[in-house]
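So you know, we letter chains A, B, ... as the sequences are listed, proteins then strands, and number each from 1. Because only heavy atoms are used, hydrogens play no part in the values below, and waters and symmetry mates are left out as well, while side chains stay in.
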Amino acid sequence: MAFGKGCHLHLIDGSAFIFRAYHALPPLTRKSDGLPIGAVAGFCNMLHKYIEANTGPDAPTHAAVIFDYSGKSFRNEIYDKYKANRPPAPEDLVPQFPLTRQATRAFNVACEEIEGYEADDIIATLSCQAREAGGRVTIISSDKDLMQLVGDGVEMLDAMKNKRIGPDEVVEKFGVKPERVVDVQALAGDSTDNVPGAPGIGIKTAALLINEFGDLDTLLERAGEIPQPKRRESLQDNAELIRISRRLVQLDCNTPLDFSLDDLEVKEPDPEALLAFLAEMEFRTLARRVAEQFKVEAPVIDDTPGASAGSDGAEAGDMPDPTAREIPFDHAKYEHVATAQALDDWLMRIARAGYVAVDTETTGLDEMVADLVGISLSVTPGEACYIPLAHVKGTGDDLFADDTPAEGQLPMQQVLDALKPMLEDPQILKIGQNIKYDAKILHRYGVTVAPFDDTMLMSYAMHGGLHGHGMDALSERYLHHNPIPIKELIGSGKSQLTFDKVPLEEAVKYAAEDADITLRLWQTFKPRLHRARVTTVYETLERPLVPVLAQMERHGVKVDRDTLSRMSNAFAQKMAGLEAEIHELAGEAFNVGSPAQLGEILFDKMGLEGGKKGKTGKYSTPADVLEDLATEHDLPARVLDWRQLSKLKSTYTDALQTHINAETGRVHTSYSITGANTGRLASTDPNLQNIPVRTEEGRRIREAFVAQKGNRLVSLDYSQIELRILAHIADIDALKQAFKDGHDIHAMTASEMFDVPLDQMTPDIRRQAKAINFGVIYGISGFGLARNLRIPRAEAQAFIDRYFERFPGIRKYMDDTVAYAKEHGCVQTLFGRKIHTPEINAKGPGAGFAKRAAINAPIQGTAADVIRRAMIRMPEAIRDLPARMLLQVHDELIFEVEEAAVDDTIAAVRKVMESAAAPAVHLAVPLEVDAGQGMSWAEAH
DNA sequence: CCTGTCACG
DNA sequence: GACGTACGTGACAGGG
């Protein structure tokens with residue numbers, strides 16, 4: 001039937017359906033393979049309901065679901081920032097977009113999208129055409145941007161509220177008739193779409209002005225007549241921006257369409273096609289309902305895992321994966337690959353599957369030094385292989401060490417040449433457990449592993465705070481299998497062997513098992529990731545960090561051995577002097593480094609007060625106790641000096657030297673992504689996140705961290721990032737304003753609390769306020785504050801009470817956070833990272849700990865997420881600069897930069913760091929970054 | 001291997 | 001009413 005008078009066209013805003021469905025439903029997955037499917041399910045239900053509701057006498061003659069074409073539209077050419085601050089669609093929603101198109105076609109409803117145009121433009125064009133042909137139009141949407149189309153036979157329908165939107169409703173919303181809606185929108189702008197509009201003008205004012213002057217052009221022409229100076233100037237100064245805004249909000253009635261109204265005629269669904277689709281999606285209820293409706297048999301839905309026909313191509317389908325837990329572990333089934341033919345067979349299996357679990361065995365734990373010994377692979381649970389590459393005959397007995405190669409190994413280079421194309425193939429997913437380690441090893445052999453998944457990071461995203469994420473713990477917990485302990489192969493302690501000495505038969509069992517476990521963990525975690533709603537966290541905050549950290553670790557930082565060595569000698573001399581004095585004062589020689597012996601001297605022999613014994617029945621002598629004693633006695637004072645030097649010498653000036661890599665002359669720390677529950681990184685071997693800075697003597701150790709010739713070290717750190725995040729999360733206006741105005745936040749807090757004007761602030765009052773600000777971040781207690789400030793507990797409690805009185809929002813944040821943790825068993829950062837709080841409902845002393853940890857975690861964790869985001873974006877941002885990112889210290893990033901590029905690098909890095917929260921989170925407080933540079937870390941910080 | 005101590009944010 | 005408490009880490013030394 002040709003479209004004309006008497007026809008009724010229904011246009012459904014498809015994107016609105018999808019997003020509503022996505023947010024309304026829990027994250028459902030297809031049972032057979034874990035494919036995210038919630039939005040599709042909701043979409044189908046909505047579409048089905050819509051069709052059922054529109055079968056009566058007023059049924060449409062023509063109908064279509066209109067979608068947005070992904071990517072940019074012509075509006076981006078008018079204004080490049082259009083919709084620029086839109087966060088990307090959630091990871092688990094992306095694969096559902098094409099499925100909603102399939103669903104629409106399955107219901108036999110026309111489904112249209114046009115490249116370069118938004119759905120709204122297609123809707124506008126069709127509405128215009130239908131109106132001209134003399135028909136009626138109903139737009140199923142509540143999007144205000146479509147209201148400009150209303151009138152002359154076109155109306156909207158808000159399907160959720162079942163409310164018709166005609167000209168009257170438009171006037172209610174915009175204060176003007178539909179044909180002037182564009183003018184109002186152009187003036188008011190739209191922050192979600194980044195339509196600029198006129199600053200300071202909202203919908204109300206815009207409508208007022210348009211109604212007074214008639215239309216936008218007249219208004220802009222006669223803007224000088226506006227009596228209010230602010231409005232007048234806003235319009236006069238931004239006339240061009242307003243005209244651009246109008247072009248952005250004006251829908252295009254001339255979108256080139258590759259179909260006509262006649263093509264949209266309503267058709268009866270084809271029950272067979274529809275039920276096939278619903279069965280494929282495993283929508284049981286809807287399939288049954290549809291089947292009843294058409295009086296046909298409901299399809300049989302097989303949703304046992306692995307049964308899916310494979311929606312991502314046939315490869316995955318022809319060899320269904322058994323579930324990770326059903327197949328028993330059988331070490332005898334693991335294969336020792338020793339021939340080119342066997343290797344080829346494995347590569348074929350991997351190519352067919354499209355993914356592979358990979359694990360490397362090496363001679364040590366230091367990826368900068370350890371040599372590759374073998375590689376294991378798995379694509380099917382229970383089946384795995386080990387390819388030994390550098391095993392030797394030696395049994396490990398030193399006397400009879402035999403380092404001739406063991407039998408049954410392919411040449412290493414031949415294997416690497418064969419595996420490299422697969423390991424670098426963008427079509428083949430490499431799955432690892434802590435894959436940063438394997439990637440760093442393989443990098444030294446010229447192989448770049450990509451793309452990849454990491455089961456350790458998946459576990460961290462899902463189970464952060466619940467347990468550790470090492471392979472043994474995960475295997476036991478999620479596969480109910482205890483892997484062979486490495487100790488059984490290489491022993492422990494001084495007589496530990498390297499893996500290349502392990503006999504091949506045992507090595508195959510151990511190594512292949514690791515690949516098997518990794519694959520099974522991946523199959524177990526993959527669908528759960530989505531259900532736990534942490535896919536975005538995993539994909540944007542964990543996984544992309546791996547290559548960034550690997551590169552930083554490989555670069556390392558130059559450390560000057562002579563500087564450290566000289567300091568060590570100086571410390572040794574001073575310590576010897578102090579030790580002699582201490583023995584003199586004690587009247588006997590004893591081990592100054594032994595708290596037990598020191599305690600006996602202090603509390604038994606000298607009879608001083610304050611001696612406490614620990615669980616082991618020995619005296620404890622922490623610094624704060626010694627500090628109290630030091631006001632009266634010389635001995636504890638000397639011990640404190642000695643301890644400081646001892647710490648600096650043993651942990652830093654001595655130990656750091658042993659970490660200088662012989663080949664690079666640099667120190668290569670290792671960052672653990674999953675080490676800290678809050679999302680912070682941890683640094684080990686050595687820990688470069690606790691290099692002294694607070695005392696002058698300790699800070700000098702940073703002089704040994706230097707830039708190579710012709711370079712500078714550059715350090716940039718976030719200023720007060722945790723307090724800023726607290727101000728945002730707890731929504732404290734006074735704090736937010738102080739940060740916006742660039743005020744001294746601790747002085748401001750002090751002024752508020754103690755009623756001291758800022759110009760009369762004393763350092764001591766400010767210091768107390770600072771301690772309270774930090775205390776709040778940690779989950780303040782009277783006891784803790786009292787100890788920190790060394791004031792009576794009642795006084796500390798009074799400060800806290802006063803603080804909460806002045807900033808009631810903080811109290812509310814703390815209470816709300818604890819309540820949330822109790823209800824959900826976890827807390828969240830602004831970016832969706834979940835930190836579990838299993839102890840939150842504990843009784844006894846543990847309860848306090850858990851509460852404070854829950855209060856702290858969203859703040860510390862959000863700050864950690866922010867710097868992670870900055871780090872992930874950094875390689876691209878400094879790509880064209882002679883600069884390398886070397887270190888991260890929680891709120892600080894350290895770079896090594898060629899002298900001439902220092903200023904450019906600071907500018908580029910600062911920009912990335914300060915804007916790192918966007919676009920996912922819009923902080924109500926600016927992030928500020930301080931920068932420094934110099935020959936050494938001491939100068940740069 | 002555990003505990004105490006102390007370095008950092 | 002008593003108890004024990006600031007949050008998050010890692011390394012080293014002593015001592016069993």
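- B:dC6 atom C1' lies 16 Å from atom CD of A:Gln689, rounded to whole Å.
- Rounded to whole Å, the distance from CZ on A:Arg833 to P on C:dG8 is 15 Å.
- Among the heavy atoms of the strands lying under 4.0 Å from A:Phe849 are primed sugar atoms or P, OP1, OP2 only; no base atom is included.
- Summarising the geometry, the separation between CD1 on A:Ile894 and P on B:dG9 is reported as 10 Å, rounded to the nearest angstrom.
- Each of A:Ile855, A:Asn856, A:Asn788, A:Ile859 was scored for a side chain to side chain contact (heavy atoms under 4.5 Å, CB included) with A:Tyr778, with one residue passing: A:Asn856.
- For A:Arg694 against B:dG9, a side-chain-to-base donor-acceptor contact under 3.5 Å is present.
- No engagement by A:Ala796 is indicated, since no non-hydrogen atom pair under 4.0 Å with the nucleic acid exists.
- Separating the P atom of B:dG4 from that of C:dT5 is a span of 12 Å, rounded to the nearest Å.
- Remark on DNA chain C: of its neighbouring residues A:Ser781 and A:Gln860, the 5'-side contact belongs to A:Ser781, judged by nearest-heavy-atom nucleotide.
- C:dA6 and B:dC2: their P atoms are spaced 22 Å apart (whole Å).
- Within 4.0 Å (heavy atoms only), A:Asp891 reaches sugar-phosphate atoms of the nucleic acid but no base atom.
- Following rounding to the nearest Å, A:Leu602 (CG) and B:dT5 (P) show an atom-to-atom distance of 12 Å.
- Two rings, from A:Phe754 and A:Phe799, have their centers less than 6.0 Å apart.
- Atoms NZ (A:Lys613) and P (B:dT3) sit 18 Å apart, rounded to a whole Å.
- Listed pair A:Arg643 / B:dC6 meets the phosphate criterion, a side-chain N or O lying under 4.0 Å from OP1 or OP2.
- Within the nucleic acid shown, A:Leu688 has no heavy atom closer than 4.0 Å to any nucleic acid atom.
- If you check B:dA7 for Watson-Crick or wobble pairing at under 3.5 angstrom, you find it paired to C:dT9.
- Screening A:Thr621, A:Ile582, A:Leu602, A:Ile601 against A:Pro636 for a side chain to side chain contact (heavy atoms under 4.5 Å, CB included) leaves a single residue, A:Leu602.
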Assess the residue pair A:Lys851 and A:Glu839 against the criterion (salt bridge (charged side-chain N to carboxylate O under 4.0 Å, His left out)); give the C-alpha distance rounded to whole Å, side-chain angles, the decisive distance to 0.1 Å, and a yes or no. CA-CA 9 Å; A:Lys851 272 189 193 174; A:Glu839 299 291 309; over 6 Å; no

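- Remark: A:Lys613 qualifies as a cation-pi partner of A:Tyr619 under the 6.0 Å distance and 45° angle criteria applied to the six-membered ring.
- Residue A:Arg787 has no polar side-chain atom (N or O) positioned under 4.0 Å from OP1 or OP2 of C:dT5.
- With rounding to whole Å, A:Ile855 atom CD1 is found 11 Å from C:dG8 atom P.
- For A:Arg852 and C:dC7, the CZ to P distance is 4 Å, given to the nearest whole Å.
- Of the residues A:His555, A:Met871, A:Glu896, the one that meets the side chain to side chain contact (heavy atoms under 4.5 Å, CB included) test with A:Met885 is A:Met871.
- Residue-level contact check: A:Ala623 touches the backbone only, with heavy atoms under 4.0 Å from sugar-phosphate atoms and none from bases.
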Along nucleotides 9-16 of chain C, 5' to 3', which nucleotides get a B, which get an S, and which get a -, given that the test is a protein heavy-atom distance under 4.0 Å? SBBSSSSS

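- Picking from C:dA6, B:dG4, B:dG9 the nucleotide with the shortest atom distance to the side chain of A:Ser620 gives B:dG4.
- Among the heavy atoms of the strands lying under 4.0 Å from A:Arg793 is at least one base atom, whether or not backbone atoms are also near.
- Note on A:Glu722: nothing from the nucleic acid sits closer than 4.0 angstrom, heavy atoms only.
- Nucleic acid contact class of A:Ile780 (heavy atoms, under 4.0 Å, all strands): base.
- When side chains are defined from C-beta on, A:Phe603 does not count as touching A:Glu609, because their heavy atoms never get closer than 4.5 Å.
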Could you list the donor-acceptor pairs under 3.5 angstrom formed between side-chain atoms of residues 814-821 of chain A and any protein atom two or more places apart in sequence or on another chain?
| unit_1 | atom_1 | unit_2 | atom_2 | d |
| --- | --- | --- | --- | --- |
| A:Asp816 | OD2 | A:Lys812 | NZ | 2.7 |
| A:Thr817 | OG1 | A:Tyr813 | O | 2.6 |
| A:Tyr820 | OH | A:Gln828 | NE2 | 3.2 |

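- Between A:Glu939 and A:Gln933, every side-chain heavy-atom pair lies at or beyond the 4.5 Å cut-off.
- Rounded to whole Å, the distance from CD1 on A:Ile859 to P on C:dC7 is 13 Å.
- The partner of C:dC3 is absent, by the rule that a Watson-Crick or G-U pair needs both atom distances under 3.5 Å.
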